[in-house]
Colleague: 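Here it is, the structure in full.
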Amino acid sequence: MSGKTGDKSPIYGLKRTPEQLKNYSDGAKKRWEIHGEKIRKSRKSESYRKLHSDSQKLSYVKNPDLKRIRSEGVNRFWAESPLAPILRQEASDRAVQLLAENKIGPQAPFKRETLINPWTGEEEHMHSSWESIFFQSCVEREYEVTKNHGIVIPYNHPDGTVRNYIPDFFGKEDKVLYEVKGRHDAVDEAKWDAAKIFCEKRKWWFVVMLSPTDDTA
């Protein structure tokens, strides 16, 4: 190693061979297998997060172009890397699981609550006040709905990627998927288009329940 970095490094501008890339990847995997758990644990600490945040801010002050360069690198990775689709799917699967566990959600943690479904006796996680109101109104009318339906619908995100959409509620009696929404945007429209096709194939119905505060309808 020369100790020089950037354009002063003797390997600056050189493209790694496939063999070098494989050796680099294998080495990284091996290091992660040995030290991965320790690294994960340390990264969860408040002290690590603060040091990381402070160092990031300092590096941007020293090099104003660094933020742009890093952003371009990240965008290039997601656009070109063969690993990108795999990582996207893994992230989507994690999000589906976290949503089911009430650990993430549109309004989490401010307006979420856990209610008991009287038809199943199970806990169901509401992710907004509007979901709670809709659910309680269904209970009062003795109309059976559930959030624990396990339905996941792939949809085409406006950025060109394929992601997963989980409808808010499923009405078991008449086979209706419900989405309870305060406001909506282009991403929501893409989700709903996919849900309509999903339901049409099964002769179900898809209904969007917009709250009275919605000003985009």
Side-chain angles (χ1 to χ4, degrees), residues 75 78-79 81-217:
N75 290 335
W78 289 111
S81 173
L83 289 175
I86 298 172
L87 295 176
R88 278 200 190 94
Q89 186 60 49
E90 289 178 352
S92 179
D93 292 343
R94 283 197 300 273
V96 169
Q97 182 63 33
L98 290 172
L99 187 63
E101 294 173 357
N102 200 32
K103 293 180 179 177
I104 61 172
Q107 302 290 341
F110 305 106
K111 295 182 181 180
R112 67 183 189 183
E113 65 176 326
T114 299
L115 300 175
I116 300 296
N117 187 315
W119 295 282
T120 65
E122 297 179 350
E123 292 184 343
E124 303 214 355
H125 306 306
M126 308 296 126
H127 295 101
S128 72
S129 57
W130 290 113
E131 287 188 12
S132 296
I133 292 170
F134 174 80
F135 181 75
Q136 289 167 343
S137 68
C138 289
V139 172
E140 290 171 2
R141 292 186 290 113
E142 298 184 355
Y143 174 70
E144 183 176 356
V145 296
T146 180
K147 286 183 68 69
N148 298 344
H149 46 64
I151 297 171
V152 179
I153 303 173
Y155 74 96
N156 296 315
H157 192 277
D159 66 7
T161 61
V162 177
R163 305 190 186 185
N164 288 329
Y165 162 54
I166 304 176
D168 288 331
F169 294 93
F170 178 52
K172 292 186 175 182
E173 181 180 342
D174 44 5
K175 306 298 183 185
V176 182
L177 290 178
Y178 292 95
E179 177 68 17
V180 182
K181 205 71 179 175
R183 295 183 179 182
H184 67 282
D185 54 23
V187 176
D188 294 307
E189 295 287 351
K191 294 177 181 178
W192 300 346
D193 287 343
K196 290 172 186 175
I197 295 173
F198 178 91
C199 289
E200 285 173 0
K201 290 180 178 178
R202 292 160 177 77
K203 296 184 178 180
W204 293 2
W205 294 90
F206 177 67
V207 177
V208 177
M209 306 289 292
L210 293 175
S211 77
T213 59
D214 182 76
D215 56 8
T216 59

Colleague: Minimum heavy-atom separation for Met209 and Val207, please, with both atom names.
Modeller: SD-CG1, 3.7 Å

Colleague: Rounded to the nearest 0.5 Å, how far apart are OG of Ser132 and NE2 of His127?
Modeller: 10.0 Å

Colleague: Take Leu177 and Ile151 through the side-chain contact (heavy atoms from CB on, under 4.5 Å) test and state the conclusion after the steps.
Modeller: CA-CA 9 Å; Leu177 290 178; Ile151 297 171; 3.6 Å; yes

Colleague: Please, which pairs that meet side-chain hydrogen bond (donor to acceptor under 3.5 Å, both in side chains) have at least one residue in residues 190-209, sequence neighbours excluded?
Modeller: none

Colleague: May I ask you to check whether Thr114 and Glu124 show a side-chain donor-acceptor distance below 3.5 Å?
Modeller: no

Colleague: Please report the shortest heavy-atom distance between Thr120 and Lys172, naming the atom on each side.
Modeller: CG2-NZ, 4.4 Å

Colleague: Locate the shortest heavy-atom distance separating Val145 from Asn117; write the atom from each residue and the value.
Modeller: O-ND2, 3.0 Å

Colleague: If every non-hydrogen atom of Trp119 is compared with every non-hydrogen atom of Val139, which pair is closest and at what distance?
Modeller: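 So the two residues come closest at CH2-CA, 3.7 Å.
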
Colleague: Do Ile166 and His149 make a side-chain contact, defined as non-hydrogen atoms from C-beta onward lying under 4.5 Å apart?
Modeller: yes

Colleague: Between Val162 and Tyr155, is the side-chain contact (heavy atoms from CB on, under 4.5 Å) condition met? List the steps.
Modeller: CA-CA 6 Å; Val162 177; Tyr155 74 96; over 6 Å; no

Colleague: Side chains of Tyr143 and Asp174: do they bring a donor and an acceptor to under 3.5 Å?
Modeller: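 Tyr143 vs Asp174: donor-acceptor pair found between side chains.
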
Colleague: Does the side chain of Glu131 come within less than 4.5 Å of Lys147's, by heavy atoms?
Modeller: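 They are in contact (side-chain heavy atoms under 4.5 Å apart), so the answer is yes.
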
Colleague: Minimum heavy-atom separation for Leu115 and Phe135, please, with both atom names.
Modeller: CD1-CD2, 3.7 Å

Colleague: Is the closest basic N to carboxylate O distance between Arg163 and Asp159 below 4.0 Å?
Modeller: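 The answer is yes: the pair qualifies as a salt bridge.
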
Colleague: What's the separation between atom CG in Asp188 and atom CD in Glu179, rounded to the nearest 0.5 Å?
Modeller: 6.5 Å

Colleague: I'd like to check Ile133 versus Val180 (side-chain heavy atoms, cut-off strictly below 4.5 Å). Are they in contact?
Modeller: no

Colleague: Just jot down the ring pair (Phe, Tyr, Trp, His ring centres under 6.0 Å) partners of Phe169, sequence neighbours excluded, or say none.
Modeller: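 With sequence neighbours excluded, Phe169 shows a ring pair (Phe, Tyr, Trp, His ring centres under 6.0 Å) to Phe134, given in chain and number order.
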
